[in-house]
2 protein chains.
Amino acid sequence: MAKHQEIQTELLRRVTRGEWPPGASIPHEAALAEEFGVTRPTIARALRGLVDSGLIERKRRAGSRVALRQSAEVVLRIPVVRDEIEGRGGRYDYLLLDRRVARPPAVVRAALQLPATGRALELRCLHFEDGRPFQLEHRWINLGLLPDAAGQDFVAASANEWLVRQVPYTRAEHVLRAAAATPLEAEALQVDPGSPVFLIERTTWVDDEAITHVRLAHPAASFRIVTRDGR
Amino acid sequence: MAKHQEIQTELLRRVTRGEWPPGASIPHEAALAEEFGVTRPTIARALRGLVDSGLIERKRRAGSRVALRQSAEVVLRIPVVRDEIEGRGGRYDYLLLDRRVARPPAVVRAALQLPATGRALELRCLHFEDGRPFQLEHRWINLGLLPDAAGQDFVAASANEWLVRQVPYTRAEHVLRAAAATPLEAEALQVDPGSPVFLIERTTWVDDEAITHVRLAHPAASFRIVTRDGR
DNA sequence: GAGTGGTCTAGACCACTCG
DNA sequence: GAGTGGTCTAGACCACTCA
């Protein structure tokens with residue numbers, strides 16, 4: 001094992017064993033370098049991983065401390081519906097419900113940064129797992145950025161699969177929330193109106209131009225997101 | 001900005017803009033070092049972040065390639081309720097509802113890795129924003145690992161604030177989902193029974209021992225999670 | 001065998017921030 | 001002002017793996 005890795009493991013052990021409790025300051029780099037018989041950059045590298053994972057906080061002049069961790073940043077996989085379903089051995093089906101060019105509602109217009117009179121390509125489609133509705137997708141595509149989208153019928157392949165081949169996005173924003181199913185969602189997802197759904201709203205941009213905004217609704221009973229583990 | 005960071009950003013741009021498409025091989029370290037006018041360790045550091053995030057794959061002798069499977073991972077912050085509320089200028093209040101030692105249900109017992117007869121400290125408390133219920137917390141604390149918890153009353157300070165001073169966690173798992181409010185949740189949160197709630201279930205460990213399992217329920221109407229920027 | 005990545009050293013300069 | 005972390009260089013050796 002690499003030295004920096006061995007040192008990181010040992011430092012982690014000292015923290016988890018309570019040798020360095022939360023809030024305690026730990027020796028500075030020079031002292032650790034001497035203790036472990038390595039140079040300072042090697043110690044810095046060992047500490048970097050602990051800082052990135054939020055276990056240790058460092059400040060110039062003030063030194064390094066074991067963090068009092070109230071919260072942490074966690075990494076989530078926002079699943080691609082087809083991969084998710086096929087990944088657990090399910091049968092995936094796709095159905096285009098609706099496709100037209102229209103004026104998006106204000107919320108979507110803002111997300112896509114369209115003018116008040118702007119129009120966009122609106123798509124609704126359903127994704128099935130083993131024949132049961134799994135996800136209702138309601139998407140708006142910015143035709144100003146992707147005029148070719150108007151020529152696609154999106155019957156055989158979903159918009160997402162087409163989009164990823166057209167433009168790599170440079171930025172994405174996700175909003176996760178719960179809501180009561182709208183009548184339209186309830187019908188499509190075959191759940192009772194007002195029953196809970198899990199919503200993922202994603203907007204993607206290339207540089208500062210919005211490509212698409214999509215609302216993904218899942219029946220609450222059959223959907224959850226689990227964090228990938230920190231290490 | 002640090003050189004390695006600038007270089008990483010530029011390399012990321014080349015990948016996301018399609019200059020280096022998935023599967024393409026990218027110049028080796030020595031070539032990049034010459035191009036950017038830095039030494040090889042600096043290039044290595046810039047690439048390390050891209051490798052860690054799964055964007056690039058590297059093999060000795062074979063060189064570096066843009067990964068074929070682009071993982072759609074996003075980073076988000078699981079907020080700390082008090083920070084979140086006070087951060088947007090709201091008034092935060094806290095109320096302990098219930099506190100006892102009990103046998104947890106099977107789901108929690110599994111999360112805490114307790115034997116069938118195991119007991120744990122059970123807490124229920126409410127967090128308010130401007131006097132309105134914002135989050136219902138239902139927590140189980142592993143007394144085997146934290147016997148001192150039995151001596152805390154958790155009236156003035158929430159369990160979370162006490163816990164972070166006791167032991168730093170080394171691993172956490174979060175499950176995010178939507179559900180219909182249980183009668184108990186509906187009453188505490190002052191919403192209609194069956195109305196949607198957003199649930200965060202978190203288990204934290206130190207090494208391989210579970211510290212605590214907590215279920216945080218939010219009224220759907222007043223809660224959402226937004227991703228921190230793409231990278 | 002040779003080319004590539006993986007790592008480490010020794011030294012250096014700088015930036016930040018606390019006292 | 002001084003102590004700490006943050007970073008970079010120049011060079012080196014090694015490990016792995018492909019041809």
Is there a side-chain contact between A/I141 and A/L112, using heavy atoms and a 4.5 Å cut-off? no
Nearest whole angstrom, please: distance from the P of D/dG5 to the CD1 of A/I56. 11 Å
Using Watson-Crick geometry (N1-N3 plus N6-O4 or O6-N4) or G-U wobble (N1-O2, O6-N3), each under 3.5 Å, D/dG11 is paired with C/dC8
Under 3.5 Å on both distances, the Watson-Crick or G-U partner of C/dC18: D/dG1
In whole angstroms, the gap separating P of D/dC8 from CZ of B/F36 amounts to 13 Å
Could you check A/K59 against A/P41 and say which one's nearest nucleotide on DNA chain D is further toward the 5' end? A/K59
Would you mind reading off the distance between A/H28 atom NE2 and C/dT17 atom P, rounded to a whole angstrom? 19 Å
Could B/R139 and B/E137 be called an ion pair, given the rule that one side-chain N must be under 4.0 Å from one carboxylate O? yes
Mark yes or no for a side-chain to base donor-acceptor pair under 3.5 Å between B/R45 and D/dG6, with no hydrogen or angle criteria applied. no
If the cut-off is 4.0 Å, is A/T39 near the phosphate of C/dG11, judged by side-chain N/O to OP1 or OP2? no
Would you say A/R61 reaches C/dG19's phosphate, i.e. side-chain N/O to OP1/OP2 under 4.0 Å? no
To the nearest Å, give me how far apart CZ (B/R60) and P (D/dC13) are. 17 Å
Side-chain N,O (A/T42) to OP1/OP2 (C/dT7) below 4.0 Å: no
Distance check needed: C/dT7 C1' versus A/Q8 CD, whole Å only. 15 Å
Which nucleotide wins on minimum distance to the side chain of B/A62, given the candidates D/dT9, D/dC18, C/dC8? D/dC18
Find which nucleotide of DNA chain C each of A/G37 and B/S64 is nearest to by heavy atoms, and output the residue with the more 5' nucleotide. B/S64
Answer yes or no: does atom CZ of A/R13 have more than 12 heavy-atom neighbours from other residues, nucleotides or ligands under 6.0 Å? yes
B/I26 CD1 to C/dT4 P: how many Å, rounded? 13 Å
Taken to the nearest whole Å, CD/A/E57 to C1'/C/dT17 is 16 Å
So with a 6.0 Å cut-off around CD of B/E34, is the heavy-atom count from everything else above 12? no
Tell me: CZ of B/R58 to P of D/dT17, nearest whole Å? 14 Å
Both B/R40 and A/R48 contact DNA chain D. Which one's nearest nucleotide lies toward the 5' end? A/R48
Heavy atoms of other groups near A/D208 CG, more than 12 under 6.0 Å: no
